[in-house]
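The sequence lines fix the lettering, A, B, ..., with proteins before strands; numbering per chain opens at 1. No hydrogens, no waters, no symmetry mates; every other heavy atom, side chains included, goes into these values. Quick caveat, the model's predicted, so the values are computed rather than measured.
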There are 2 protein chains.
Amino acid sequence: MSTSDRLIESTRELLWERGYVGTSPKAILERAGAGQGSMYHHFKGKPDLALAAIRRTAEEMRATAAGVLDGPGTPYERIEAYLRRERDVLRGCPVGRLTMDPDVIANDELRAPVDETLDWLRERLAVIVEEGKEQGQFAAGLDGESIAATIVATVQGGYVLARASGSPAAFDAGVRGLLSLLAPRQSTRAL
Amino acid sequence: MSTSDRLIESTRELLWERGYVGTSPKAILERAGAGQGSMYHHFKGKPDLALAAIRRTAEEMRATAAGVLDGPGTPYERIEAYLRRERDVLRGCPVGRLTMDPDVIANDELRAPVDETLDWLRERLAVIVEEGKEQGQFAAGLDGESIAATIVATVQGGYVLARASGSPAAFDAGVRGLLSLLAPRQSTRAL
DNA sequence: GTCTATACATCGATAGAC
DNA sequence: GTCTATCGATGTATAGAC
């Protein structure tokens, strides 16, 4: 792995753990095993390096979600697979957490990958919900885009609840509740 | 307002805007119009002042939520009132945002008010959902605690979506989706 | 490309005058 | 109680040697 790559990877880890405001160049360099010079040679500064890290994290998240959402199964099953997919719940979402970072939100360039990723996810889920409606799996009255927003919000908020309580249980409960509300009509299934 | 109060209020504002890591004593003092000496006279240090601020914010949030949840109306209507209550969506939740703060999560004393508030909210909502089940407004198969977690998560995650996109629209969409899923059986209502 | 040295501001806290 | 002065450490960035 190149020095530039190690810098980006270290930054990704630290952004996830401590956010943008809580991540210093010094900490990045220590973790990457590099000196000041390397960082300022490859990147213009902290925001530039963070942008590279955020873009990579966003892309990775998109690929992971696509892997599940484009998989086999009925619309409900694919949504369930997305919601139940294994997660390091207490670490939170490496993309969503950035929305609580004032310096990220204030910088359109840093915010863009975050926005685009969550937006992509919502649109992808909205299509799946619409498919489920066509197949009669979901009630015709549901709005795909709204349900998609609810699904993504439940996940993002589930991280908040889990981190507050120090346990993944609340995340799982939120997912369970959402799935029980989404469950295909008239089949009472074990959730 | 006493100096101590002004310090707490300034801290509350800054914690909301910038989080714990992003809030410096200096910024607090400037906003409060006080000097270093005042702060360290009234509080042991930054964590101590933050604790006072977080406790006050948590209490205020609880009171606000209770005002809606204990109000009039059917269980569904009270949940709807809670979800649709006016919010400064783009500012996010002053309590929930703290869960993304590594120094808050690492400190049990600072985390406690956050945990207790969200936990209280979930329990309160769980009772309301159970009431709705008894009254036949919600399907008997629903689990109060899970649905409560979904409701709180949708709100917390709604803030994430809104802040990512720079618009409250996604928050509203998530709420709309959740309400459409919760809507009392067989009455198709305008949502 | 990478390193060390240096710069200057800010961080969180303490000391001590008033 | 509040103020200013000061402290050592860290934050972000630049300079310049190798």
Keeping [X] on the side-chain end and [Y] on the backbone end, is there a donor-acceptor pair under 3.5 Å?
X	Y	answer
A/Arg163	A/Leu90	yes
A/Asn107	A/Leu110	yes
A/Arg78	A/Leu69	yes

Can you see whether [Y] has [X] sitting over its ring - NZ or CZ less than 6.0 Å from the centre and within 45° of the normal?
X	Y	value
B/Arg91	B/Trp16	yes
A/Arg87	A/Tyr82	yes
B/Lys46	B/Tyr40	no

Write down the protein N/O and nucleotide N/O pairs, taken from nucleotides 11-13 of chain C, whose separation is under 3.5 Å; answer none if there are no such pairs.
| from | atom 1 | to | atom 2 | distance (Å) |
| --- | --- | --- | --- | --- |
| C/dC11 | OP1 | B/Ser24 | OG | 3.2 |
| C/dG12 | OP1 | B/Lys46 | NZ | 2.8 |
| C/dG12 | OP2 | B/Pro25 | N | 3.4 |
| C/dA13 | OP2 | B/Tyr40 | OH | 3.0 |
| C/dA13 | OP2 | B/Lys46 | N | 3.1 |
| C/dA13 | N7 | B/Gln36 | NE2 | 3.0 |
| C/dA13 | N6 | B/Gln36 | NE2 | 2.5 |

**Prompt:** In terms of side-chain geometry, is the basic nitrogen of B/Glu17 or B/Arg31 positioned less than 4.0 Å from the acidic oxygen of its partner?
**Reply:**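 The answer is yes: the pair qualifies as a salt bridge.
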
**Asked** Without hydrogens or angle criteria, can the side chains of B/Thr74 and B/Gln137 be said to hold a donor-acceptor pair below 3.5 Å?
**Response**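 B/Gln137 and B/Thr74 do have a side-chain donor-acceptor pair below 3.5 Å.
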
**Asked** With a 4.5 Å limit on heavy-atom distance, are the side chains of A/Arg56 and A/Glu9 in contact?
**Response**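 Yes, close enough: below the 4.5 Å cut-off.
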
**Asked** Heavy-atom contacts under 4.0 Å between residues 103-111 of chain A and DNA chain C, which residues?
**Response**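 Within residues 103-111 of chain A, no residue comes under 4.0 Å of DNA chain C.
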
**Request:** Take A/Thr57 and A/Arg12 through the side-chain hydrogen bond (donor to acceptor under 3.5 Å, both in side chains) test and state the conclusion after the steps.
**Result:** CA-CA 7 Å; A/Thr57 295; A/Arg12 295 215 300 146; 3.2 Å; yes

**Item:** For chain B, the stretch of DNA chain D it reaches, first to last nucleotide, under 4.0 Å of its heavy atoms
**Value:**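 The contacted stretch runs from D/dG1 to D/dT4.
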
